[in-house]
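Scroll down for the structure; my scribbles are underneath it.
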Amino acid sequence: MNFFKSKLFIVLAIVTVIIVAFMILSAAFGFGTGPVSNGLNIITTPVQNGIYGIGKGISSFFEGIGKSGQYKGLYDESQKRVTELEAEVREIDTLKNENDRLRALLDFEEREKDKKLVAAQVAASSPDNWYAEIQLNKGTNSGIRKDNVVYTDNGLVGYVTEVGPTWCKVLTVLDINASVGCVVPRSGDTAVAEGDAELAQNSECSMNYISKDATVIVGDSVETSGLGSIYPAGILIGKISSITPELQGLYNKATIKTSVDFKSLREVVVIVG
Amino acid sequence: MEIFMKHFIRAVLVLVFLILQSTFCQFIKIWDIMPNLVLAYIISLALTSDDIMYAGGFGFAAGLLWDITWGRVFGVRTLLFMYIAILAYRAGEYVYRKNISVCVIFTLVGAVITESIFFAANFILTHNASFWQSFFRTIVPSAAYTAAFQLVIYNLCLKISKMGKERSSSV
């Protein structure tokens with residue numbers, strides 16, 4: 001039977017034409033949050049949040065087991081002594097971490113006291129290897145709107161691109177479509193931080209359009225510059241980890257190691273007003 | 001009733017694998033690469049189903065769900081998953097489909113094709129991205145990781161495909 005006269009070919013041709021038409025329309029005019037997308041996300045977000053929380057717990061547990069292995073050598077020498085020391089060190093570590101966390105939280109609250117903030121949790125992440133998008137478990141019911149900025153006490157996470165009643169999607173600074181106006185406070189040099197799929201694997205993004213006259217050095221802190229309509233000035237993005245001088249172009253390039261650890265990201269804050 | 005349950009379980013599994021893709025898969029990344037459980041399921045389903053339209057329909061539905069929940073440009077995954085399911089079914093007619101190694105090889109090839117087309121359609125023109133760098137660093141490792149998951153997913157699909165058949169054959 002001729003394939004081009006078969007029922008399968010006709011169905012495939014019709015479906016392909018319809019989907020390609022939708023593809024062109026969504027590429028040209030954007031692909032907003034429709035009722036189907038909204039309904040699906042309302043149903044799936046609590047399930048995703050639960051699974052994500054369990055996954056984080058399990059991975060933290062195994063990380064803990066991995067860390068305890070480093071005490072094994074000392075354990076052989078003096079079992080009792082080391083056990084006592086371990087307990088002591090753990091207690092001190094716990095107190096130190098708690099102290100650091102509370103101090104950071106106090107600083108953070110003091111710094112952000114004029115802003116209206118909503119705390120949220122990461123419920124899911126982009127299901128493919130190309131994008132760095134996350135989904136949060138709060139939405140319009142908590143006052144979150146499109147273009148709201150998301151960050152933690154460590155620095156910038158991204159901004160809200162889609163929002164439903166109980167969920168929202170956040171385009172992180174690591175995403176290939178992300179673009180943030182940035183400044184190096186030490187020297188005052190400005191540039192644009194942009195996501196890069198390859199760099200994102202190491203929690204890094206690229207810093208482009210650095211003037212040839214700029215005096216940036218490795219280790220410099222990079223903050224949002226406030227240029228553009230989304231990000232306010234002064235939110236830490238990260239530190240410059242490498243600089244690539246361009247011999248022929250007008251600008252130099254650099255790489256920023258983000259201050260937020262996206263691999264262990266769970267709690268975030270959304271600026272809603 | 002058992003036939004209805006078979007179709008129902010297959011449909012629910014599409015959603016389950018999509019949820020696992022955006023949650024569970026984040027924690028089993030190796031060198032920051034995760035497998036594509038939805039694609040693995042679609043290929044397994046195509047190789048264990050008896051109708052090409054049915055296989056293509058499930059590919060279409062899985063891609064549509066992906067596009068609705070996480071897509072940037074509507075329809076890319078919908079078309080890709082539909083065609084990959086149809087290709088897997090067609091290719092499966094020329095080999096012994098019940099052999100798991102056939103399924104693993106099909107998945108490896110299918111995942112490389114799907115991700116390469118997705119990358120080309122989304123990044124080469126708009127982001128001036130290097131195809132070969134991403135091909136060896138992301139696409140091939142991800143395809144291999146996806147194929148490894150077929151050892152579990154294919155057996156699950158095989159068990160589901162037998163639902164309703166044992167009873168009808170014994171009558």
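Chain naming here is simple, since letters A, B, ... match the order of the sequence lines and numbering starts at 1 in each.
Under 4.0 Å is where a charged nitrogen must lie from a carboxylate oxygen, and between Arg77(B) and Asp128(A) at least one such pair does.
Residues Gln201(A) and Ile33(B) form a side-chain contact, since some pair of their non-hydrogen atoms from C-beta on lies under 4.5 Å apart.
Using cut-offs of 30° and 60° for the angle between ring planes, the Tyr209(A) and Tyr251(A) rings count as perpendicular. The aromatic rings of Trp132(B) and Phe135(B) sit perpendicular, their planes meeting at an angle over 60°, well past the 30° parallel limit.
Proximity to chain B (any heavy atom under 4.5 Å) is shown, for Leu12(A), by both the backbone and the side chain. For Ile43(A), no part sits under 4.5 Å from any heavy atom of chain B, backbone or side chain. Residue contact with chain B, scored on non-hydrogen atoms closer than 4.5 Å, involves the side chain of Val11(A) exclusively. Heavy atoms of Gln135(A) lying under 4.5 Å from chain B belong to its backbone as well as its side chain. Of the atoms belonging to Ala197(A), not a single heavy atom falls under 4.5 Å from chain B.
Within residues 105-118 of chain B, the residues having any heavy atom under 4.5 Å from a heavy atom of chain A are, by residue number, Glu115(B), Phe118(B). Contacts between residues 137-147 of chain B and chain A, counted as heavy-atom pairs separated by less than 4.5 Å, involve Arg137(B), Thr138(B), Ile139(B), Ser142(B).
Heavy-atom neighbours of Phe27(B) CZ from other residues, nucleotides or ligands within 6.0 Å: above the threshold of 12.
Considering only heavy-atom pairs separated by less than 4.5 Å from chain B, the leading option among Lys263(A), Glu194(A), Met23(A) is Met23(A). Note on Val38(B), Asp32(B), Asn36(B), Ile19(B): by heavy-atom pairs under 4.5 Å with chain A, the leading option is Asp32(B).
Contact record, Val163(A) with Lys146(A): CG1-N, 4.0 Å, taken as the closest heavy-atom pair.
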